[in-house]
Amino acid sequence: MIDLKLLRSTPDVVRASQVARGDDPSVVDRVLAADAAHRAALQEFETARAEQKSIGKDVARAQGEEKQALLARTKALAARVKELQAGADAAAAQAVELARSLGNIPEPGVPAGGEDDYTVVKTVGAPRDLAAEGIDVQDHLAIGEGLKAIDMERGAKVSGARFYFLTGIGARLELAVLNAAMQTALEAGFSPMMTPTLVRPEVMAGTGFLGKHADEIYRLERDDLYLTGTSEVALAGYHSGEILDLADGPLRYAGWSACYRREAGSAGRDTRGIIRVHQFHKVEMFSYCRPEDAAAEHARFLETEERMLQALELPYRVIDTAAGDLGSSAARKFDCEAWLPSQERWMEVTSTSNCTTFQARRLAIRERREDGNEPVATVNGTIGTTRWLVALLENHQQADGSVHVPPVLRPYLGGLEVLEPVR
RNA sequence: GGAGAGUUGACCGAGCGGCCGAAGGUGACAGUCUUGAAAACUGUUGAGGCGUGACCCGCCUCCGCGGGUUCGAAUCCCGCACUCUCCGCCA
């Protein structure tokens, strides 16, 4: 949720934000109206309530007829107070609901526009010229099947489309990537966490995932719980309602979890292999920091992601996502995209967002500052996922169907230097 | 699944329907003492919001959450969530 005081004092900033995101700027005026209505109703209630309390104190002291007279007066007032309170509560709920529909204000420098209007920040490493190496390019699924690493058919049999089994070396490779990711995060100062993947509605809502993209999320109706699409949700909820001490720097966590996504809006997209699936694993970095440090923290996240990509010897580029493609919580988002040889395109493998105080405001996560308690900023970013296997298999494929193993992964694979096809 | 106990401020913990935003303690902060520190002593110290309100000031809300009774609820009643203990079931 954005700061209502900011909205009142500089509504134009918020209108501009809505326009940049491709959202409706008139919501701003509706929020302002609802906010004004709320404050008016609140005033009325509070005045009446103050009178009621003051009479109440006299009642306690009065005796006999005087007491009866006071009681008669305040009885009528009590009913009115109750009505006014209901009105004020309703007005507050309406204002908050409207305000919550506003996305975060993009950072200066974020490109305007939609999904295709990103700017490329940099490109690191060069895709191999596989044809020149005499390699008949295979996609990750063909390679994975050759290694007996991926089993889509049985995934579908057991769970349906977009489900899979990682088998044998595939399972080991995923563990290796995630372990290396966790190690990289650990070295960057993140504290490892194994997190719940089922969360309460208020936590899911607090992270901003129940807005426009709510139908992307699995929900267990009987238990009123949501399956998380990233451990960001649990890690953001971890300190909800708390007042933190950030005097020693940001609180940094690295969460390892299964992630669940309905992929409701992506029918027909990335249907082959494990690029886009309903369930995968991810190590996610998350930090709570001071708002003034958030941009620097965000840069640090990106740097850590790049270190991991470089260690895995993957060619990649970094894009600065356009306003319209930001999640509702994000003020800025950098994606790292690895090269995908089979499709000759870039594929998102990490995404890091600076959510400024947007999530913390909803989740009531604050820090005690000299001039009172202020919401903290939250930053999140990917350091490794199952999808990375796609990039690894394709970029490190060799003519005989085997796959080169980057040295950083070898300790997690019993020293294996090459993954050999199973015949 | 059954039975019982509980949920109060950063933490522990007391709380009679009005004098309770809440005793007491711990912690934190400031001061006295000390060459310095510790100890001791003194003081300060919950959150959110409204009022054109940064400071001062006034008011409202918050004692797990939601509702009810009452002129008035941390205190009484109902529902829900969570925690703990015991029993059962499963692994």
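Chain letters run A, B, ... following the sequence lines, proteins first and then strands; every chain starts at 1.
- Applying the side chain to side chain donor-acceptor pair (under 3.5 Å) test to every pair with at least one member in residues 383-393 of chain A, sequence neighbours left out, gives these pairs: A:Glu174-A:Thr386.
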Pairs under 3.5 angstrom, nitrogen or oxygen only, protein versus nucleotides 63-69 of chain B, please.
unit_1, atom_1, unit_2, atom_2, d
B:U69, OP2, A:Lys82, NZ, 3.4

- Which dot-bracket notation, 5' to 3', represents the base pairing of RNA chain B when pairs are defined as Watson-Crick or G-U with both distances under 3.5 Å, crossing pairs as [ ], and inter-strand pairs as |? ((((((((.[[[..)..(.....]]]((((((.......))))))((((((.....)))))).[[[[[..)....]]]]])))))))....
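- A:Ser342 places no side-chain N or O within 3.5 Å of a backbone atom of A:Gln138 that could act as its donor or acceptor partner.
- Interatomic distance, OG1 of A:Thr74 versus CD1 of A:Ile55, reported as 5.0 Å (0.5 Å rounding).
- Using cut-offs of 30° and 60° for the angle between ring planes, the A:His239 and A:Tyr288 rings count as perpendicular.
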Tabulated below should be each protein N or O lying under 3.5 Å from an N or O of nucleotides 80-83 of chain B; please produce it.
unit_1, atom_1, unit_2, atom_2, d
B:A81, O2', A:Arg200, NH2, 3.4

- Using the side chain to side chain donor-acceptor pair (under 3.5 Å) rule, take A:His404 and A:Glu313 through it: C-alpha gap first, then chi angles, then the decisive distance, then the call. CA-CA 10 Å; A:His404 158 77; A:Glu313 303 170 351; 2.8 Å; yes
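- The same atom, P, is picked in B:C59 and in B:C16; the two are 27 Å apart, to the nearest Å.
- As rounded to the nearest Å, B:G15 and B:U75 have P atoms that lie 14 Å from one another.
- Per the geometry, CD belonging to A:Glu367 stands 14 Å off P belonging to B:A47, to the nearest Å.
- To the nearest whole angstrom, the two P atoms, one in B:A73 and one in B:C63, are 11 Å apart.
- Side chain to side chain, A:Gln52 and A:Arg49 meet the donor-acceptor criterion of an N or O pair below 3.5 Å.
- For the pair A:Arg300 (side chain) and A:Ala188 (backbone), a donor-acceptor distance under 3.5 Å is present.
- Remark: the backbone N or O of A:Ala295 is not paired with any side-chain donor or acceptor of A:Arg332 at under 3.5 angstrom.
- With hydrogens and angles disregarded, no donor-acceptor distance shorter than 3.5 Å links the side chain of A:Glu337 to the backbone of A:Tyr316.
- Using modelled atom types, no side-chain atom of A:Arg261 and backbone atom of A:Glu216 make a donor-acceptor pair closer than 3.5 Å.
- Comparing the same atom, P, in B:G24 and in B:C82 gives a spacing of 35 Å after rounding to whole Å.
- Between A:Asn373 atom CG and B:A47 atom P the separation is 5 Å, expressed in whole Å.
- To the nearest whole angstrom, the two C1' atoms, one in B:C71 and one in B:C57, are 29 Å apart.
- The distance from the CG atom of A:Asp325 to the CZ atom of A:Arg21 is 10.0 Å, given to the nearest 0.5 Å.
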- Query: Once each nucleotide of nucleotides 49-62 of chain B is scored for protein heavy atoms under 4.0 Å, what B/S/- sequence comes out, 5' to 3'?
  - Reply: BSS-------BBS-
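- As rounded to the nearest Å, B:C84 and B:G21 have P atoms that lie 33 Å from one another.
- A gap of 26 Å separates the P atoms of B:C50 and B:C11, to the nearest Å.
- Taking atom P in both B:A38 and B:A28, the straight-line distance is 10 Å, to the nearest Å.
- Residue A:Glu242 is classed as having no contact, given no heavy-atom separation below 4.0 Å to the nucleic acid.
- Heavy atoms from other residues, nucleotides or ligands lying under 6.0 Å from CZ of A:Arg39 number more than 12.
- Side chains of A:Thr230 and A:Lys282: a donor-acceptor N/O pair is present below 3.5 angstrom, by distance only.
- In this structure A:Tyr260 satisfies the ring pair (Phe, Tyr, Trp, His ring centres under 6.0 Å) test with no other residue, sequence neighbours excluded.
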